[in-house]
Amino acid sequence: MSKTADPRLPDPSRWKALAFIALAQLMVVLDATIVNIALPHAQTALGITDANKQWVITAYALAFGGLLLFGGRIADLWGRKRTFVVGLIGFALASALGGAAQNQDMLFGSRALQGVFGALLAPAALSLLAVMFTDAKERAKAFGIYGAIAGGGGAVGLILGGFLTQTLNWRWTFFVNIPFAVIAAAGAYFVIREPVGSRNRSSLDIPGVVLSALGLVSLVYGFTRAESSGWSDPLTIGMFVASGVLLLSFVLTEARVKSPLLPLRVVMDRNRGGVYLSLGLAIIAMFGLFLFLTYYLQVVRGYSPIRTGFAFLPMIAGMITGSTQIGARLMTRVPARKLMGPGFLTAAVGMLLLTQLEIGSSYPALILPAQLLLGLGMGTAFMPAMSLATHGVEPRDSGVASAMVNTSQQVGGAIGTALLNTIAASAATAYATSHAALAATDPKLLKLQAMVHGFTGAIWWAVGILVAASAIAVTFINAGRPSATAVNSGSGSGDADGVEDEFKVPVVAH
């Protein structure tokens with residue numbers, strides 16, 4: 001089925017392949033926000049209760065987050081192209097099922113299926129880039145494009161979701177995935193060629209699959225439940241305890257089995273470990289921002305869904321500029337930490353501006369520059385982070401290394417939504433209690449003031465999280481600048497030295 005390529009020669013179709021890989025990535029990222037816009041309409045149409053509406057988001061997050069490592073290993077075992085195409089077709093069918101849903105159970109089931117196939121698709125897409133783009137300069141450009149889509153696609157989803165919901169109906173926020181998936185799958189089938197000998201045909205680590213899936217599902221569900229039921233809820237605490245036990249058991253298992261699901265050499269390298277940790281922290285802050293700004297613009301300022309989506313465009317522009325013009329141009333000239341550290345700090349400055357939000361804050365004077373700084377900073381940091389996370393691993397491990405990038409983002413998103421939303425809700429309640437006198441004269445004003453106070457209180461935490469991400473990137477990541485002709489290591493031990501050796505080759509800056 002799959003064409004293969006000589007790993008010693010650059011694939012002549014690699015840039016065409018990038019277009020279809022980017023299209024698939026855009027579909028997955030869009031889906032994360034497009035459904036949020038449509039949720040109130042779907043809830044009304046299908047009679048979903050307030051208590052159950054969270055499952056539209058949670059069913060997807062649990063399946064996607066819990067199966068990502070498994071999906072990455074399947075990509076290494078089956079082949080990335082085959083896994084990529086299967087993931088796309090499955091995602092399209094699940095989206096069609098969601099768009100045709102007649103009741104809440106059908107909708108929840110379709111979202112879980114989307115998560116299952118997304119867990120195949122996402123790591124396969126990133127690992128295809130890792131094995132197809134081996135020249136450092138070309139790799140920088142490819143990951144710049146991929147990083148811009150990964151960072152900015154969510155905001156595009158707000159625009160598209162608002163447009164489809166207002167002009168057609170909520171079902172089209174599911175149906176719109178089908179043409180994306182069909183075009184990407186057809187293009188991938190005819191264009192993508194995998195390098196010869198890049199598969200990992202070792203037997204599947206079933207205990208590792210079960211322990212990692214249950215551990216990650218418990219972790220994601222624990223944070224999701226904390227948002228709705230509180231951190232002291234017995235089931236929330238139980239989920240966190242279960243997650244800790246399961247994930248510790250997973251690590252111990254991986255250290256002993258012959259063919260581990262997640263070879264510890266992938267995560268024990270200080271550079272990749274630093275990327276996974278700092279990227280996960282940054283995503284916590286980003287998810288909180290999307291949540292608070294969406295509510296601020298729609299509820300406090302009265303923006304329509306479409307106008308809200310367009311209000312996020314400066315962040316998209318900043319991310320694209322940061323990824324393709326700053327990160328991609330500098331990646332072969334300076335070490336990754338000198339892009340990631342300042343990038344996260346720049347984003348923290350943008351977030352710091354948003355701590356000044358008030359009910360009547362000016363969009364051009366405050367929100368616009370804050371978004372530009374956030375976009376520039378995140379775009380600059382994301383690109384080298386995604387590249388370094390898969391650079392230097394053996395081709396047979398690239399799927400699972402890619403899955404770890406997605407896992408850190410997914411877990412970071414779950415934590416960000418639950419943690420920052422809980423902080424905001426607590427701060428809002430405290431503000432309303434201390435200003436109870438205003439409730440008698442203008443209860444609506446008090447509600448809005450309390451909401452904005454909650455947002456700014458949580459945004460302060462997001463600032464601190466971004467500063468921590470910057471510190472981790474600078475401290476942990478010690479890889480030098482990449483060689484202009486560095487290639488993905490396809491031989492050797494595949495240990496931690498693989499990354500550092502490649503990145504320490506001295507080059508002349510171009």
Side-chain angles (χ1 to χ4, degrees), residues 1-5 7 11 14 17-18 20-25 27-28 63-92 113-134 142-143 146 150 181 184-185 187-189 191-206 208-209 212-213 216 254 259-263 265-267 272 276 386-387 389-410 488-490 494:
M1 172 182 171
S2 297
K3 298 178 183 177
T4 56
D11 184 354
R14 60 194 178 282
L18 173 62
F20 297 112
I21 293 170
L23 183 64
Q25 172 66 10
M27 177 191 71
V28 173
F64 187 70
L67 295 174
L68 269 169
L69 286 177
F70 176 64
R73 180 66 181 86
I74 288 294
D76 290 333
L77 180 65
W78 283 1
R80 287 114 198 149
K81 174 178 173 177
R82 180 181 297 172
T83 306
F84 184 69
V85 172
V86 169
L88 281 166
I89 294 172
F91 201 93
L113 278 176
Q114 280 185 310
V116 170
F117 288 106
L120 291 176
L121 171 61
L126 187 55
S127 60
L128 278 170
L129 290 188
V131 298
M132 293 178 71
F133 289 90
T134 54
F143 275 87
Y146 187 89
Y189 183 84
V191 170
I192 290 177
R193 299 191 304 166
E194 281 191 75
V196 176
S198 63
R199 293 191 190 179
N200 183 348
R201 301 184 184 276
S202 303
S203 59
L204 194 60
D205 171 22
I206 299 300
V209 170
S212 67
L216 289 171
E254 298 308 275
S259 302
L261 174 68
L262 175 61
R265 61 180 176 268
V266 172
V267 293
R272 283 190 287 274
Y276 298 145
M386 290 188 173
S387 180
T390 55
H391 205 78
V393 297
E394 291 185 81
R396 66 192 183 115
D397 291 335
S398 64
V400 75
S402 302
M404 277 302 299
V405 177
N406 289 282
T407 300
S408 67
Q409 292 176 314
Q410 185 66 22
N488 230 37
S489 176

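Heavy atoms only: backbone and side chains are in, while hydrogens, waters and symmetry mates are out. This structure is a prediction, so every number in the text was calculated from the model and none was measured.
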| Is there side-chain contact between Ser212 and Leu262, with at least one heavy-atom pair below 4.5 Å? | no
| query | Side-chain contact, heavy-atom cut-off 4.5 Å: Arg73 with Asp205? | reply | no
| remark: In this structure, CG of Leu69 is separated from CD1 of Ile74 (nearest 0.5 Å) by 12.0 Å
| field | Minimal non-hydrogen separation, Pro123 against Leu68, with atom names | value | CD-CD2, 3.8 Å
| request: Search all heavy atoms of Phe117 against all heavy atoms of Phe91 and return the closest pair with its distance. | output: CB-N, 3.6 Å
| How about Val267 and Arg272: do any of their side-chain heavy atoms sit closer than 4.5 Å? | no
| query | So do the side chains of Val85 and Ile89 get within less than 4.5 Å of each other, counting heavy atoms only? | reply | yes
| To the nearest 0.5 Å, what is the distance between CZ (Arg80) and CD1 (Ile21)? | 11.5 Å
| Shortest non-hydrogen separation from Gly71 to Thr83 and the atoms involved | O-CG2, 4.4 Å
| Any side-chain heavy-atom pair of Leu121 and Met27 under 4.5 Å | yes
| query | Is there a side-chain contact between Phe20 and Ile192, using heavy atoms and a 4.5 Å cut-off? | reply | no
| Pairwise distance CG(Leu261) to CD(Glu254) - rounded to 0.5 angstrom | 5.5 Å
| query | Could you give the distance from CG (Leu120) to CZ (Phe84), rounded to the nearest 0.5 Å? | reply | 12.0 Å
